[in-house]
Amino acid sequence: MKSKSIILALAATLATSTAAYAEQMTIVSWGGAYQASQKNAYTDPYMEMNPDIEVVWDESSNEAVAKLRAMNEAGNVTWDLVDVVAADAMRLCDEGLAMEYDPDELLAPAPDGTPASEDFGDLIVSDCFIPQIVYSTTAAYRPDLLPEGAPEPESICAMFDTETYPGKRSLEKRPINNMEWALICDGVAKEDVYDVLETEEGQDRAFAKLDTIKDDVIWWSAAAEPPQLLADGEIVMGSSYNGRWFSAIVEEDQPFKMLWDAQVFDLDGWIIPAGLPEDRLAMVKDFVKFATDTQRLADQAAYISYGPARNSSAPLVGKHAELGVEMGPHMPTAPENSENVFVYNYEWWADYRDDLDAKFQSWLVQ
């Protein structure tokens, strides 16, 4: 009888474990203030409605392509939903590592019945990309750390001007944005940047410009790093995502100023890894429909200054959920912030990213 009881107990434990695994969803994102906005707007309300489902966060979005390639190679994809930028979604889609989807089947229509494909419109830049937000990469600086008499920076080229603005600066540890800013600050017109960068000579020119500040750069991998470095006085200026700067300036009252010159617009959204088992896929689809509806995308804008990716959400954007600050003026799409943007080319980077990543890493160690 004793052995039978033990077997029954083990069976019950295994059954419980299996059920728990089936109701656990691993979501990959970027950490920090952005992930917190997703938690507030999407996952907390979803888990309240579905108390049997547990969301586990993984903050590996900046390594999503490499890790999904490795998981696929090993035949063990442990992620259920991955937050990526548009160019990475294109690469994963082209390689068959992200699931293609029908927007009008997977995503909720707008409250007035407008199909999702029309409500998201041109922001569905790939058959696998499920848009969430519009954001920008831009710079910020500490006025109190500038040399006496130095004018406050008005151009992204201040990043390359170590004579007027001595001290460390922080840039993201990848070629995207840095190569474009290097060429712009070396005299290339914005509309010609990708034509120039497509050539060996153009790439050499961008690296040569980056050479001029290489010894003064602290490279970051997580977007929360530059605001902390600036707060600690370890850098005089740095690049990060506009929502991270908003969080530091408005929520934490840091003495930073944002530089909206040559801010780089980009899109961020979900991909569903290809080949998920049916039970996990059903759970993910249910969550995605909830997390990308009109209200949820507007709710996210109440926690971070990123624009919602669907048209029907825009009129619902109001004040910060806790501070009561109007969020509209802090969006990268606000007219006063978007007078001098740089239009990022997702398709170009989807084609050239692997080659330039390798060159950039090689340049870093030279």
Side-chain angles (χ1 to χ4, degrees), residues 32 135-190 193 196-197 202-250 252-266 305 330 332 334 336-342 344 360 363-364 366:
Y135 74 101
S136 73
T137 303
T138 190
Y141 61 96
R142 284 259 306 257
D144 59 312
L145 296 182
L146 300 180
E148 187 175 349
E152 293 201 13
E154 295 181 349
S155 162
I156 190 64
C157 297
M159 198 72 79
F160 295 87
D161 183 358
T162 54
E163 187 172 329
T164 307
Y165 307 104
K168 296 288 185 182
R169 46 266 284 143
S170 188
L171 291 170
E172 189 171 9
K173 197 175 183 180
R174 63 176 189 171
I176 292 176
N177 301 331
N178 298 325
M179 304 288 280
E180 289 99 320
W181 284 337
L183 288 180
I184 290 169
C185 295
D186 202 43
V188 177
K190 287 181 182 175
V193 162
V196 173
L197 201 52
Q203 293 169 17
D204 290 344
R205 185 174 173 182
F207 281 121
K209 186 67 176 178
L210 287 167
D211 273 338
T212 64
I213 57 170
K214 190 175 182 181
D215 292 341
D216 297 299
V217 174
I218 297 175
W219 300 99
W220 60 266
S221 299
E225 294 174 41
Q228 188 60 55
L229 289 168
L230 200 54
D232 294 341
E234 295 187 39
I235 58 173
V236 293
M237 63 182 70
S239 69
S240 189
Y241 310 138
N242 73 283
R244 306 303 180 110
W245 292 128
F246 168 85
S247 178
I249 295 169
V250 179
E252 300 170 14
D253 201 26
Q254 293 288 348
F256 306 165
K257 283 191 177 179
M258 289 180 67
L259 187 61
W260 289 104
D261 183 65
Q263 59 151 317
V264 185
F265 276 146
D266 201 351
S305 56
H330 298 282
E336 58 271 27
N337 300 335
S338 55
E339 291 177 354
N340 194 19
V341 301
F342 178 78
Y344 174 76
F360 190 80
W363 171 81
L364 279 176
Q366 287 174 7

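Computed from a predicted model, the values in this text were never measured in an experiment. Computation of the quantities below employed the complete heavy-atom set of this structure, encompassing side-chain atoms and omitting hydrogens, waters and symmetry-equivalent molecules.
- When every heavy atom of Leu183 is checked against every heavy atom of Val193, the shortest pair comes out as CD1-O, 3.9 Å.
- Using a 4.5 Å cut-off on side-chain heavy atoms (C-beta onward), Tyr141 and Leu230 make no contact.
- Looking at Arg142 and Val236, their side chains never come closer than 4.5 Å, going by heavy atoms from C-beta outward.
- The salt bridge (Lys or Arg N to Asp or Glu O under 4.0 Å) contacts involving residues 170-183 comprise Glu172-Arg174, where partners must be two or more places apart or lie in separate chains.
- The nearest pair of heavy atoms linking Leu145 to Ile235 is CD1-O, 3.5 Å.
- Ser136 has its side chain within reach of Trp260: a pair of non-hydrogen atoms, C-beta onward, lies under 4.5 Å apart.
- With hydrogens and angles disregarded, a donor-acceptor distance shorter than 3.5 Å links the side chain of Gln263 to the backbone of Asn337.
- Between Ile176 and Asp266, the closest side-chain pair of non-hydrogen atoms is not below 4.5 Å.
- The line from CD of Gln228 to CD of Glu252 is 8.0 Å long, rounded to the nearest 0.5 Å.
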Open item on the list: I'd like to know whether Ser338 forms a side chain to side chain contact (heavy atoms under 4.5 Å, CB included) with Phe265, so could you lay out the CA-CA distance, the side-chain angles of the two residues, the decisive distance to 0.1 Å, and finally the verdict.
Closed with: CA-CA 9 Å; Ser338 55; Phe265 276 146; 4.1 Å; yes

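- Looking at every heavy atom in both residues, Ser170 comes nearest to Leu229 through OG-CD1, 3.7 Å.
- Between the side chain of Lys190 and the main chain of Val341, a donor-acceptor pair closer than 3.5 Å is present.
- Distance check, rounded to the nearest 0.5 Å: CG of Leu259 to OG of Ser239 gives 11.0 Å.
- Using a 4.5 Å cut-off on side-chain heavy atoms (C-beta onward), Arg205 and Val188 make contact.
- Put simply, the side chain of Leu146 reaches to within 4.5 Å of the side chain of Pro153, judged on heavy atoms.
- Contact of the His330 side chain with the Val250 side chain is registered, since non-hydrogen atoms from C-beta on lie closer than 4.5 Å.
- Residues passing the side-chain hydrogen bond (donor to acceptor under 3.5 Å, both in side chains) test with Thr138, sequence neighbours excluded: none.
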TODO: Evaluate side chain to side chain contact (heavy atoms under 4.5 Å, CB included) for Val217 paired with Lys168, printing each intermediate quantity in order.
DONE: CA-CA 6 Å; Val217 174; Lys168 296 288 185 182; over 6 Å; no

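- Under the salt bridge (Lys or Arg N to Asp or Glu O under 4.0 Å) criterion, the residue pairs touching residues 146-166 are Glu152-Lys257, with sequence neighbours excluded.
- Note that CG of Asp261 is 10.5 Å distant from CE of Met159, once rounded to the nearest 0.5 Å.
- Here the closest heavy-atom approach between residue Pro332 and residue Asn242 is recorded as CD-ND2, 3.4 Å.
- Partners of Phe207 under the ring-ring contact (aromatic ring centres under 6.0 Å, His included) rule, at least two apart in sequence or in another chain, are Trp363.
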TODO: Quick one: do Leu210 and Met179 satisfy side chain to side chain contact (heavy atoms under 4.5 Å, CB included)? Show the steps, please.
DONE: CA-CA 8 Å; Leu210 287 167; Met179 304 288 280; 4.1 Å; yes

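- Among pairs with a residue in residues 213-240, none fulfils salt bridge (Lys or Arg N to Asp or Glu O under 4.0 Å), at least two apart in sequence or across chains.
- For the pair Arg169/Ile218, no side-chain contact is recorded, criterion being any heavy-atom separation below 4.5 Å from C-beta on.
- Shortest non-hydrogen contact noted between Pro151 and Tyr165 is O-OH, 2.8 Å.
- Within the structure, the ring-ring contact (aromatic ring centres under 6.0 Å, His included) test picks out the following pairs touching residues 220-242 (sequence neighbours left out): Tyr135-Tyr241, Trp220-Tyr241.
- Summarising the geometry of Ile156 relative to Ala139, their closest heavy-atom pair is CD1-CB, 3.9 Å, with the distance given to 0.1 Å.
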Open item on the list: Test side chain to side chain contact (heavy atoms under 4.5 Å, CB included) on Trp181 and Val264; report intermediate values, then the result.
Closed with: CA-CA 9 Å; Trp181 284 337; Val264 185; 3.7 Å; yes

